[in-house]
Structure formats: structure tokens, C-alpha cells
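The structure under discussion appears below in the form of C-alpha cells.
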Amino acid sequence: MPTFDDILEQVGEFNRFQKQTFFLLCLLSAAFTPIYVGVVFFGFTPEHRCFSPGVAELSQRCGWSLEEQLNHTVPEWGGHGTAFGSRCRRYDVDWNATGLSCTDPLGSLAGNRSSIPLSPCRDGWLYDYPGTSLVTEFNLVCEDSWKLDLFQSSVNAGFFIGSVNIGYIADRFGRKFCLLTTILANVVCGILLVFVPSYLWIVIFRFLQGLVSKGCWTAGYILVTEVVGPQYRRTVGILYQTAFSVGLLVFDAIAYAIPHWRWLQLTVTLPSCFFLLFHWFLPESPRWLISQGKNDEAKKIVSDIAKKNRKKMPSHFEDIKFEDDDEGGKQSPSLIDLVRTPQMRKNTLILMYNWFTSSVLYQGLIMHMGLAGGNIYLDFLYSALVEFPAAFIIIITIDRVGRRYPWAAANLVAGAACLVTALIPADIYWLKLIAACLGRMGITMAFEMVCFVNTELYPTYIRNLGVMVCSALCDVGGIVVPFIVYRLVEIWHELPLVVFTVLGLIAGGLVLLLPETKGRVLPETVEDVENFHRLTRLVLDSFTTLLHI
């Protein structure tokens, strides 16, 4: 009896209907960008210093330039850009006092500048930035800088909790229903986030955005891969992720044009309202309908596919079913199955580590770039552009070279590039930027590859559970990475890159311990996974023996 893939061969595997669906869902993928990496612009931390009453008046009276004013009134200004004192401490001096010298105002108060006591920034900060960000509005600097970490961690915590719940909704009520409800919730939370006055409510609505947005993106990924034929599935999945890279470019341009974070948030949220029109333009997944026994609805959608693709409707559609529907003795998925046998346990632990590492390096490099001190818009543009060759390299290598070696090489390149970036002096900025972009390209490849290799390493009955559990470590990485980046830069600006180096190199080495899945039939049972491992070991041992003869 025919399967749904057999039906697609007759009505079209990737024709006009699928291309329209693919294009619409790529718009959804691109719109996910401001939620995932929005902290770079929403939480941009400009150069800043304490506001000291009376300094501006004294500077005007003495005719100082800005640089002279900073040298005379800001502690440790020689270490500007790295010194905690220049940003978070001020001289405990009454600058309104009469008799202050214009040539050496501190010297007229004390013989030695180092003997003048310092105090916290009790009157706020001055920011060298024409726009606004969360940091400038709520003064998330110095002792309160951890609140910016919490802002980004909250959205990743939402990803972590929402992935399971939204995944259940998609499996229980359908992909289309899941898409529409999460789009609506995301729009509401995004608009409310613009108008709430307090930091606490901003974190709450950011968390709620995370709760629905990643599940929405994932539901779109599932839907677009379920309506195309098997030979197009992997390429479509990679290009769906590439649409996210297009979103990076658009987001960068909008952020450059709108440097005020609330207006920026509103601008990137409002277009998502149009996604509610998907109700009339997107189909429900026929595969999901068939799995729920709703063959009449599935038949109508297949008829629409055939009509739009200008193909003939197959006469035997009533017999359509999934390949595994007739299999006897179906196994129920269990968490223990992921670690019950040696090879499954090894696969699970390595995949979990790689999901974690991919998230930490991908988000971490973006966050660290925002602190590099260059032109944030150009740096973001360059690092986003390298994601396109990353996708191209994956497409041309995975079916020629395989999965394991390109994946391992991507992690190793990412780790090595982070180390090189850390060691290049700051005055050779162009070389530092090139190394950082290579690291970004490497981790982008690794991130995209772990998405589909994960599905190829687990047997059918536990595949969805395996992907869900392993990818949860991606969100754990997203929760901890703000604290890794924003806290460690206070010790040494390049220290996060050293941490990324270690994580990336270990990830690359561990990938080499996984089996190659190129040209391999997907496993149906745990025994298939273990037998494939034994067969691989046997072939390697035989090859080694021949070399010694």
C-alpha cells in the first residue's frame, strides 16, 4: 500500500504548492531573529561614566575639550574602555566648590590624585550613545550589570520550558494550530514589552516571548519538512535555517535606522501580525492529519497540492498510510532508552554536549562582538554574512564527504578561531574581526548540522524524544552564556573566547566518536543502532589487520 511519500511523487514533491509554503515559513524563520539575538541591540552597552554634578559647569568655565574634561574628572581615564573605575566610580569631590584650578583641579584639593576618595555613581551615568537601550534606560551597568544577563537568560529559559509544551501542542492539536496560537501570543507579548515601564515586567514578557517563539519556529520547521518529498527534506531544512540568517541582515539594518530600543522592538514585532493571515494560506500537515486518522481532511489537502502543482490526483489515495502504521509490536518511547545501551548512551551524551556548545558559542560570539568596541552594526553585518557560505558548504559536503568530518571540522575551526581572536592584539582590529567571523562560520555549520544529524542517530520510535531531550541542552547553554560573557569580560575582555575555545575543541573531538550516517538507512530499533556500531568496529578492525599484513 502506498505511503504519503509515494503520493507526493505523483502530486509533486517540491513544486508550486510546496514552494509557496516554504517561502511563507521562511518569513517566519527570519522574524525569529530579534528574539534570539535581540540582546545585541536591545541591550547594547555604550561607553559610560558617572555623572558628577558641577563638572559640566566647571568644564564650560575653564574651556576644556571633552578629552580634557575626562582626564581631569574621571578616575583611571588612561584605562578607558576596560577600567572599572572609569565607568563605575567617581571622585568624591564637590565640583561646584570655588577655587578649583582649571589646569589641575584635583591637585588644588590634594597633593596626590590617588589620595582623593572614590564613591559610587550616586547621581547616575552619562552614556556616549545617541539612542537608547535597556542599559541606558534602566542603568544596567556596574553593580546592576547582571540584570542584562538575566534579560537574555529569561528568553532562553522560556525556550527551555516552551519547547516541551509547544511540541506537545503541535503533536496533539496540529502544526497549523500551534503556529497560529504561538504567533498571536508572540505578537501580544512583543507589543506589551514596548509599553511596560519597569525592568521586571520587561523580563517577564521577554520570558513569555521565549515560551512561545522557539516552539513557533520549530513548528514551522516541522511543517515545511513534512510537505516536501524526502529528497528535498534536508535541503529545505537547511534553507529554512538560512532564512534566519537573512533575518539577521534585516534586523541589523532596522537597528541601524532605529537606535531607540522601544521603537525598534515595536518595528520588528508589528510585521508578525501579518503572519496571522497564514490561517488562509498555509495548510495543515497532511502527515499529521493521517497520523490522527483524519484521512478526509488529508485527502482535501493532497487534492489542493495536486491542483496547484498541476498534477493528477492519484486514484488510490484512500489507501495512504505511514510506513510504520502496519508495524507490529510498536515500542513506547522512554527516557531510559536514550542511555540504556552503550552506543545509545554515547550518542546521547555527545549530542547533548554538542547542542550545549553550539548554543554557547553561537550566542556567545554575538554577545562578545557587541562588547568589542568597534562599529557594532558593521561587525554584526560581517558576522551574519558568513552564515551563508556556512549553509552552502553543508549542502555540498554532507552527501559527498559525509556528516562526521565536516561537523567535527566546523567545531574545531570555531574553537581555534576563538583562540586566535583572543590572541590578536586589539590594534590589529581587521585581523581580529576576520578570525571572529571564521569562528562564527564554523559554529553556524556545527549548529545547523547537529539539528539534522540528531534525527539520524536515533531509532524511529524514540527519535522525537531524543531530539527534544538533547536540544534542551541548547536552551541551557543559552541561559548560562550571558553570565559567561558579561561576567568574564570584567576579568579579561578575551577570557570568554578562551572558554569558547575549550568547549569547541572538545566538541570537535567528541563528534569523531559518533558513527557516520551518510548513505545509511535510518535505524528502526535500539538494536539497529548497536548492530551498526558493531559492524563499523568490525570493518575498522579488518581494515587495520589488512594494513599490518
Side-chain angles (χ1 to χ4, degrees), residues 33 36-47 79-82 128-129 131 133 135 152 242 244-257 259 357-393 409-448 481-482 484-486 488-505 508:
T33 300
Y36 197 67
V37 299
V39 67
V40 175
F41 299 116
F42 296 141
F44 176 62
T45 304
E47 195 58 74
H80 189 51
T82 57
D128 297 333
Y129 184 54
S133 70
V135 172
Q152 181 62 11
T242 305
F244 176 87
S245 302
V246 176
L248 292 173
L249 301 180
V250 176
F251 184 45
D252 184 47
I254 296 173
Y256 177 77
T357 299
S358 295
S359 177
V360 169
L361 264 69
Y362 186 86
Q363 294 192 55
L365 286 173
I366 292 176
M367 293 177 192
H368 191 267
M369 173 198 63
L371 303 173
N375 186 315
I376 185 173
Y377 303 105
L378 284 178
D379 292 350
F380 194 90
L381 173 65
Y382 298 147
S383 64
L385 287 174
V386 300
E387 295 199 4
F388 295 96
F392 178 74
I393 292 171
N411 276 304
L412 294 174
V413 167
C418 287
L419 181 60
V420 172
T421 304
L423 297 178
I424 294 175
D427 53 351
I428 316 179
Y429 186 73
W430 63 271
L431 186 59
K432 203 176 185 72
L433 180 62
I434 291 175
C437 287
L438 284 175
R440 176 75 175 275
M441 183 171 70
I443 201 58
T444 298
M445 285 183 60
F447 214 157
E448 293 186 3
V481 69
I484 293 176
V485 174
Y486 295 130
L488 294 186
V489 293
E490 295 182 356
I491 301 173
W492 177 39
H493 191 271
E494 312 299 346
L495 186 55
L497 296 177
V498 176
V499 175
F500 298 159
T501 297
V502 175
L503 293 175
L505 295 179

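Atom set for the values below is all heavy atoms of this structure, side chains included, hydrogens, waters and symmetry mates excluded. Every value quoted in this text rests on a predicted model; they were computed, and no experiment measured them.
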Between Leu378 and Asp252, is the side chain to side chain contact (heavy atoms under 4.5 Å, CB included) condition met? List the steps. CA-CA 9 Å; Leu378 284 178; Asp252 184 47; over 6 Å; no

Rounded to the nearest 0.5 Å, what separation is found between the CE atom of Met367 and the CD atom of Gln152? 4.0 Å

Between Leu431 and Val420, is any pair of side-chain heavy atoms under 4.5 Å apart? no

Does any part of the side chain of Thr45, heavy atoms only, come nearer than 4.5 Å to the side chain of Ser133, both counted from C-beta? no

Ignoring hydrogens and geometry, is there a side-chain-to-backbone donor-acceptor pair from His368 to His493 under 3.5 Å? yes

Please report the interatomic distance OG(Ser358) to CE(Met445), rounded to the nearest 0.5 Å. 11.5 Å

The residue among Tyr256, Phe251, Tyr382 that forms ring-ring contact (aromatic ring centres under 6.0 Å, His included) with Tyr377 is Tyr256

Could you check whether any side-chain N or O of Ser383 sits under 3.5 Å from a backbone N or O of Cys437, counting only pairs where one atom can act as donor and the other as acceptor? no

Taking all non-hydrogen atoms of both residues into account, name the closest pair between Ala426 and Lys432 and its distance. CA-CD, 4.5 Å

Minimum-distance pair of heavy atoms, taken over all atoms of Ala414 and Gly439: CB-O, 3.7 Å

Take Phe447 and Glu387 through the side chain to side chain contact (heavy atoms under 4.5 Å, CB included) test and state the conclusion after the steps. CA-CA 11 Å; Phe447 214 157; Glu387 295 199 4; over 6 Å; no

For residues Thr444 and Tyr362, report the shortest heavy-atom separation together with the two atoms involved. OG1-CE1, 3.6 Å

I need the Ile484 CD1 to Leu503 CG distance, nearest 0.5 Å. 6.5 Å

Closest non-hydrogen atoms of Trp492 and Ala422, given as atom of the first, atom of the second and distance, are CZ2-O, 4.3 Å

Evaluate the criterion side chain to side chain contact (heavy atoms under 4.5 Å, CB included) for residue pair Ile366 and Arg440; output intermediate values, then yes/no. CA-CA 8 Å; Ile366 292 176; Arg440 176 75 175 275; 3.6 Å; yes

Give the minimum heavy-atom separation between Gly415 and Thr501, together with the two atoms involved. O-OG1, 3.1 Å

In this structure, which one of Leu419, Thr421, Val485 forms a side-chain contact (heavy atoms from CB on, under 4.5 Å) with Phe500? Val485

Non-hydrogen atoms of Ser359 and Tyr36 that approach each other most closely: OG-OH, 4.1 Å

If we only count heavy atoms from C-beta on, is the Tyr429 to Asp427 side-chain gap below 4.5 Å? no

Determine whether Leu438 and Val386 make a side-chain contact, defined as any pair of heavy atoms from C-beta on separated by less than 4.5 Å. no

Check for a donor-acceptor pair, side chain of Thr33 on one end and backbone N or O of Phe244 on the other, with a separation under 3.5 Å. yes

Within a strict 4.5 Å, meaning less than it, do heavy atoms of the Tyr129 and Pro259 side chains meet? yes

Given Phe392 and Thr242, is the side chain to side chain contact (heavy atoms under 4.5 Å, CB included) satisfied, shown in steps? CA-CA 10 Å; Phe392 178 74; Thr242 305; over 6 Å; no

What's the spacing between Leu385 CG and Leu249 CG if we round to 0.5 Å? 5.5 Å

Could you point out which residue of Ile443, Leu505, Leu361 forms a side-chain contact (heavy atoms from CB on, under 4.5 Å) with Asn411? Ile443

